[in-house]
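Values reported hereafter were calculated over all heavy atoms of this structure, with side chains retained and with hydrogens, waters and symmetry mates removed. Numbering of ligands and ligand atoms starts at 1, following listing order. Numbering starts at 1 and runs along the sequence shown.
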Amino acid sequence: MINCDDAAKYFHEYLDKELSREDIWKVEEHLHKCRHCFGHVEFDRALRELLKKKMVETTLSPEIKQVIAKKLYQEVH
Ligand SMILES: [Zn+2]
């Protein structure tokens, strides 16, 4: 079973649905057992949805989006 550090490496691709079936299985197995990572992935997923909805038509730079993401992240942690 993979640990948190290994799982974290997969999160972006997992959310982008770019993982192989085998890797998805590894990530999901970890998420079932690890509330910390589960919360992290759920947060990332929610944040992506938010950014997609709110900012897709805006001209915000990736740097600004990063700052906003960080701020939101701190608020929920
Ligand atoms: Zn974990």
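Remark: D5 engages N3 in a side-chain contact (heavy atoms from CB on, under 4.5 Å) (not counting sequence neighbours). For the salt bridge (charged side-chain N to carboxylate O under 4.0 Å, His left out) test, residues two or more places apart in sequence or in another chain that qualify with E42 are R45.
Neighbouring protein atoms of the Zn ion (ligand 1) (N, O or S, distance under 2.8 Å, waters ignored): C4 SG, H30 NE2, C34 SG, C37 SG.
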Pair up each side-chain donor or acceptor in residues 23-31 with any protein partner under 3.5 Å, not counting sequence neighbours, and list the distances.
| unit_1 | atom_1 | unit_2 | atom_2 | d |
| --- | --- | --- | --- | --- |
| D23 | OD1 | K26 | NZ | 3.2 |
| D23 | OD2 | S20 | OG | 3.4 |
| E28 | OE2 | Y14 | OH | 2.7 |
| H30 | ND1 | I2 | O | 3.1 |

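The shortest side-chain heavy-atom distance between H12 and E18 does not fall under the 4.5 Å cut-off.
Transitive grouping of hydrophobic side chains (ILVMFWY, heavy atoms separated by less than 4.5 Å) keeps L50 and V67 in distinct clusters.
D16 contributes atom CG, which lies 13.5 Å from atom CZ of F11 (distance to the nearest 0.5 angstrom).
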